[in-house]
Amino acid sequence: MNLLLDAIAWIVDPANWTGPGSIPLRIWEHLWVAALVLVIASAIALPIGMLIGHTGRGKQFAVMTSGGLRALPTLGALTLFGLWLGIGLPAPVIALVILAIPPLLAGAYAGFESVDRRTIDAARAVGMNEPQVVGKVELPLSLPIVVGGIRSASLQIIATAILAAYIADFGLGRPIFEGLRTRDYGEMLGASILVIILALVVDGAFALAQRLAVPAGVRANRTRELRSRPARPRAILGQPINEGNQQ
Amino acid sequence: MIEFRGVTKQFPDGTLAVEGVDIVIPPHQTTVLVGSSGSGKTTLLRMINRMVDPTAGQVLIDGTDVATLDPVNLRRGIGYVMQNSGLLPHRKVIDNVATVPLLRGVSKRAAYAHALELLDTVGLDRSLADRYPSQLSGGQQQRVGVARGLAVDPNILLMDEPFGAVDPIVRAELQQELLRLQGELGKTVVFVTHDIDEAFLLGDQVVIMQQGGQISQAASPAEILAAPADAFVADFVGADRGKRALHLTDVGGRQVVVDADGRPAGVLSS
Amino acid sequence: MIEFRGVTKQFPDGTLAVEGVDIVIPPHQTTVLVGSSGSGKTTLLRMINRMVDPTAGQVLIDGTDVATLDPVNLRRGIGYVMQNSGLLPHRKVIDNVATVPLLRGVSKRAAYAHALELLDTVGLDRSLADRYPSQLSGGQQQRVGVARGLAVDPNILLMDEPFGAVDPIVRAELQQELLRLQGELGKTVVFVTHDIDEAFLLGDQVVIMQQGGQISQAASPAEILAAPADAFVADFVGADRGKRALHLTDVGGRQVVVDADGRPAGVLSS
Amino acid sequence: MTWLWSNLDLVGELIVVHLALSVPAIILSFVVSVPIGWLAHRYRWSRGVLLSLCGLLYAIPSVALLIALPVVTGQGVRSPLNLVVALTLYGIAVIVRTSADAFDSVERDIRQSATAIGYSEVGRFWGVELPLAGPVLLSGLRVVIVSTVSLATIGAVIGVQSLGSLFTDGFQRGIQAEVITGVVATIALALVLDALAVLGGRLLMPWTRSAIAIGRAGAGTPAKQARAA
Amino acid sequence: GCASGDPLDSGSGDGDGASETIVIGSQEYYSNEIIAEIYAQALEENGVDVEREFRIGQREVYIPEIEDGSIDVFPEYTGNLLQFYVPDTTATTSDDVYAELEASLPEGLRVLDQSPATDQDSYNVTKEFSEANGVTSLADLANVTTPMTLGGNSELATRPYGPEGLKEVYGVEVAFTPIEDSGGPLTLKALEDGQVQLVNIYSANPAIASNELVTLEDPEGLFLASNVVPVVSEKVTDEIAEIINTVSAALTAEDLVALNALSVDEQQSADQIASDWLAEKALF
Ligand SMILES: Nc1ncnc2c1ncn2[C@@H]1O[C@H](COP(=O)(O)OP(=O)(O)OP(=O)(O)O)[C@@H](O)[C@H]1O
Ligand SMILES: Nc1ncnc2c1ncn2[C@@H]1O[C@H](COP(=O)(O)OP(=O)(O)OP(=O)(O)O)[C@@H](O)[C@H]1O
Ligand SMILES: [Mg+2]
Ligand SMILES: [Mg+2]
């Protein structure tokens with residue numbers, strides 16, 4: 001508990017709120033790097049995930065890649081990239097991008113896959129071309145899940161972005177490392193608390209976005225789910241459970 | 001006129017869904033494809049708007065092989081109604097109906113005005129235009145589906161078990177509605193069902209398909225009933241189960257028509 | 001004998017599913033509850049095995065109010081078959097059939113031996129015993145469902161749209177099978193459907209329910225057809241749509257029975 | 001490569017140590033998350049709170065957690081127990097949502113049918129809900145396996161031996177082969193455990209591999225038709 | 001413990017000296033591990049039972065374990081250890097530091113003789129920079145006109161010999177970039193890439209020689225001297241202390257750099273390096 005008091009003391013100490021390396025500056029840096037990583041990772045992972053979800057092909061590839069990337073220890077990746085690229089932001093940004101890709105990829109393909117095939121089929125049957133099917137049907141309907149992927153990616157990025165400070169003078173990781181090295185645990189814990197709060201706020205924002213992303217018609221559906229099932233379901237047997245676990 | 005010439009479809013996984021089918025679907029009439037599950041009805045229907053391409057044979061619309069037409073354009077000119085209505089859940093009713101005209105570049109105003117008229121045509125209140133599909137009952141959704149199918153005033157209307165998912169009362173209503181509509185519009189309707197009663201009710205021509213995508217008989221309902229082409233057809237229409245072998249019996253002074261199992265089919269009007 | 005006395009069910013969200021129902025369900029006969037979607041058929045059925053408890057009124061089995069019985073034990077003594085067969089997908093066919101006896105503490109050997117016999121009873125090959133439900137066709141699954149319902153040799157068998165999800169040919173087969181079985185076993189069967197034809201075929205007594213969970217008529221099929229209690233029943237059984245108003249016409253020398261819409265219903269056997 | 005050949009036994013030893021750290025954490029987080037997930041599934045109102053709280057565990061910076069934990073557990077900083085607890089917490093963050101989804105994925109019809117034929121509440125949980133939630137639970141477990149094995153390397157930062165020690169040591173000594181060996185060994189270990197989990201899943205859930213549905217099931221679903229078109 | 005070498009000689013406590021096992025620890029630092037391994041092998045040669053607890057992190061992790069007696073011998077560095085106990089110490093010379101350290105150690109701990117070998121903070125520049133600006137000592141830095149950045153672990157920013165100290169003692173202004181690898185490859189790369197001009201590297205780091213870096217002299221004694229010194233518990237008898245002291249005396253600063261180079265450049269294991277060195281010195 002003593003530690004906690006020290007942490008709070010560090011956070012509220014006015015000396016830490018001004019000048020170079022001040023708390024607001026660190027928070028700003030942290031957010032900025034996280035946003036950059038999120039944008040880059042999204043630009044890579046979302047289109048691939050959507051393509052896989054849209055075509056239904058390459059899911060195995062996605063599962064394998066996500067698994068492999070997830071297994072890649074971020075610390076190891078960071079050191080390796082550090083050795084090759086030197087200090088500064090490039091190495092941590094790449095390491096974090098790798099970290100963020102699996103949840104984004106999974107969100108995108110799971111989202112696209114979750115769209116009722118009959119709806120897509122109908123869209124095609126009335127004469128939508130492929131881009132229209134993607135843009136007007138699959139994207140809006142999969143948005144909540146896609147945003148869910150972005151949400152968990154952003155949580156991981158913010159939590160792990162402290163590693164950026166390992167080789168760059170950046171973000172809330174700096175006071176954490178500094179506190180660790182100088183055994184100023186108040187500082188270390190204080191900065192950690194800030195990271196958690198930051199994550200909380202960003203996560204909350206994305207949770208809200210996720211809710212807003214549910215299309216109006218689909219939301220209306222939720223409130224009417226009283227009936228146990230459609231009047232006459234067709235005989236579709238042995239439906240597989242759609243998760244990342246299908247071989 | 002739609003013509004199937006020696007059409008075969010084998011799916012990549014080896015399933016032979018349809019084999020060597022020849023049918024002529026006359027214009028301005030309703031042709032019903034009926035058969036049990038997996039007999040290839042949907043596959044056949046989808047060849048008309050190129051949702052499926054045959055592996056052998058040709059499908060001709062008014063003499064033109066559809067394989068030579070651009071699929072997206074072709075589909076925009078053919079109405080399509082499916083079992084679960086196939087409406088886009090995130091679009092309002094009016095947007096759903098106006099989808100295809102808008103895709104074809106009709107102005108928003110014109111498309112919406114026409115869509116509202118179509119709601120009248122299919123017997124829906126205009127006040128429903130701003131609802132989402134999930135806020136409608138199953139029967140209402142099917143009506144919207146039909147309205148959407150009619151939106152580009154197509155010559156051909158494909159309907160794949162459009163009333164399969166609604167309960168019997170609503171179903172009967174929708175069937176009547178379709179008969180009325182078809183009386184007014186005279187489209188070339190190709191209708192898929194696996195309910196032989198529905199087929200007999202709606203079809204000018206009924207095509208009975210059997211497992212493996214072959215055609216057992218294609219004729220008018222009365223002809224099929226009077227002279228089933230083979231044992232499969234007889235079984236399918238229920239002739240050999242006694243369902244169609246009726247006799248009369250007297251209940252409370254009225255002539256009740258009863259089938260071979262003793263199940264009452266109706267009352268004879270004098 | 002099962003008796004409903006002034007039974008009402010209002011769900012916590014305010015839906016009044018069933019209101020003031022009184023029915024007597026005679027033993028060793030089949031009673032069919034029929035009505036359109038949401039009319040409260042399932043709710044009523046489930047009150048018998050306490051899956052739903054009434055908010056007012058009583059349900060009696062042989063004079064005992066079920067509310068006084070332990071629900072789990074009660075359920076283990078009543079067969080229940082539902083639309084999607086309700087089989088446990090992670091258990092083999094044989095395990096599914098033997099589930100309830102095993103739950104009741106019957107020895108494994110006896111339960112399995114009996115389960116195999118039940119497969120014979122419902123017309124399934126014993127070789128299917130080691131398959132998982134997903135490896136069976138829809139019709140086969142339903143048969144397994146029936147076998148499971150019979151496994152504890154219950155006096156009462158509840159069936160909730162058991163054939164709703166299979167295609168018409170298989171459905172007709174299953175209906176015949178059920179008639180045969182019932183002829184042999186003579187259970188008290190309560191059967192829910194929304195297909196009036198099915199109700200007329202299977203029911204000794206048919207209970208027609210209307211929206212809001214009220215009973216319009218409860219009588220034998222022929223009585224209902226000959227004298228519908230009200231306009232709703234007449235509409236429901238199709239009398240006023242002309243579906244049941246039949247007349248005769250000659251096609252190729254045979255007497256075809258045709259309804260008021262000109263749709264052929266069958267051929268009159270002399 | 002020469003480094004690897006002359007240090008094979010070191011790598012082998014570290015793999016064992018790494019397993020000893022991550023496997024208990026994986027098992028613990030799974031065992032803890034399943035009931036939490038079930039609660040979130042069963043009591044809708046608790047869902048948001050439970051899932052968000054558990055998810056946020058992930059946001060705790062690992063270095064800070066590893067320093068702060070000893071205060072809570074009363075163990076020395078270097079005690080592997082701290083690392084196991086930390087890894088378990090992160091594992092929970094990863095899997096709780098999936099385990100709630102897993103129970104959601106059990107079809108209502110099946111649940112009701114089980115009740116109807118006379119399963120008691122408890123019997124239904126063990127006999128029906130848990131096994132049927134299995135496939136989704138397994139998918140969550142697989143993510144936990146992979147991420148825990150990867151995360152266990154951070155132990156090296158505070159001096160708990162693991163494959164991560166190859167990073168720190170290789171890094172100090174500038175031996176890239178050592179760092180790469182560490183990375184590759186970690187990934188390989190994760191994938192092997194993952195494969196074992198899949199295998200275990202097949203053995204425990206034989207019905208999932210037998211879904212060679214007959215008739216129209218599967219083959220005729222609109223999904224396939226749409227794709228074939 | 002890992003990398004503890006030949007399993008055959010770990011149980012060779014056949015001597016009659018000490019009946020108790022001596023636990024030797026080391027930092028998560030290859031150079032420290034080599035020294036610990038030398039202690040261990042030296043003790044084993046003399047029939048002492050030894051248990052190795054190597055690579056156990058940083059001071060905040062292992063100091064408590066030395067204090068509670070679970071570790072008996074631990075190679076340390078005078079300056080850094082003093083700073084751990086007396087963060088605001090002003091001592092800089094070898095002897096001052098050693099004296100103050102002896103006084104400030106907690107109950108139950110003591111240090112044996114310090115070795116001539118040092119491994120202490122030092123500022124280094126590239127050879128080119130040194131030649132281009134005529135810089136060989138910290139004092140020369142005051143004449144450099146281009147802006148300079150110092151690279152080192154984050155704690156350097158607050159150390160008395162950090163940027164502040166440079167300014168106070170030598171009047172040199174530098175910016176600071178944290179690189180958390182204790183003068184490792186990242187630091188070197190940053191120096192090569194010109195992202196920093198001045199880096200803090202431990203003096204025994206062989207990279208200084210292999211990269212032809214110029215270690216700047218420290219005429220004003222800015223840096224805390226940091227000699228290798230064993231911290232030991234009460235379990236360490238005079239007999240054992242004698243053996244370790246012999247080792248310490250033999251280990252020169254050059255030796256330490258050379259040993260480190262064997263580890264880094266030849267990728268040899270600590271075990272092998274230690275036994276070769278002991279054989280070469282023929283101490284026992
Ligand atoms: N995309 C596909 N890939 C492989 N097989 C398919 C595909 N689509 C349909 N089939 C198979 O082709 C056969 C005919 O299917 P089709 O959907 O045309 O039957 P249907 O008569 O419409 O059946 P239902 O009444 O159940 O809709 C079936 O065996 C089906 O499993
Ligand atoms: N658990 C529940 N909570 C709230 N309302 C319910 C619940 N179960 C059923 N209802 C409502 O009660 C009414 C009767 O439902 P029930 O399922 O008994 O109808 P049904 O006749 O079986 O319909 P179907 O033919 O569609 O199966 C419906 O309006 C339904 O929405
Ligand atoms: Mg079909
Ligand atoms: Mg029902």
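All chains are named by letter (A, B, ...) in the order of the sequence lines, taking the proteins before the strands, and each is independently numbered beginning at 1.
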Heavy atoms only, distances under 4.5 angstrom: which of P185(E), G184(E), A157(E), S154(E) has the most pairs with chain A? Name it, please. S154(E)

So which part of A91(A) gets closer than 4.5 Å to some heavy atom of chain E, the side chain, the backbone, both or neither?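 Neither part.
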
Using heavy-atom distances under 4.5 Å, tell me whether F170(A) contacts chain E through its side chain, its backbone, both, or neither. neither

Does a side chain donor of either T177(E) or D169(A) reach within less than 3.5 Å of an acceptor in the other side chain?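 Judged by distance alone, the side chains do not pair up.
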
With sequence neighbours excluded, what pairs up with L143(A) under the side-chain contact (heavy atoms from CB on, under 4.5 Å) test? V147(A), A213(A)

Which of these passes salt bridge (Lys or Arg N to Asp or Glu O under 4.0 Å) with R59(E): E67(E), E65(E), E155(E), E76(E)? E76(E)

pair E100(E)-V86(E): side-chain heavy atoms closer than 4.5 Å: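 Sidechains of V86(E) and E100(E): in contact.
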
Proximal component of T187(E), with respect to chain A [non-hydrogen, under 4.5 Å]: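 For T187(E), neither part sits under 4.5 Å from chain A.
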
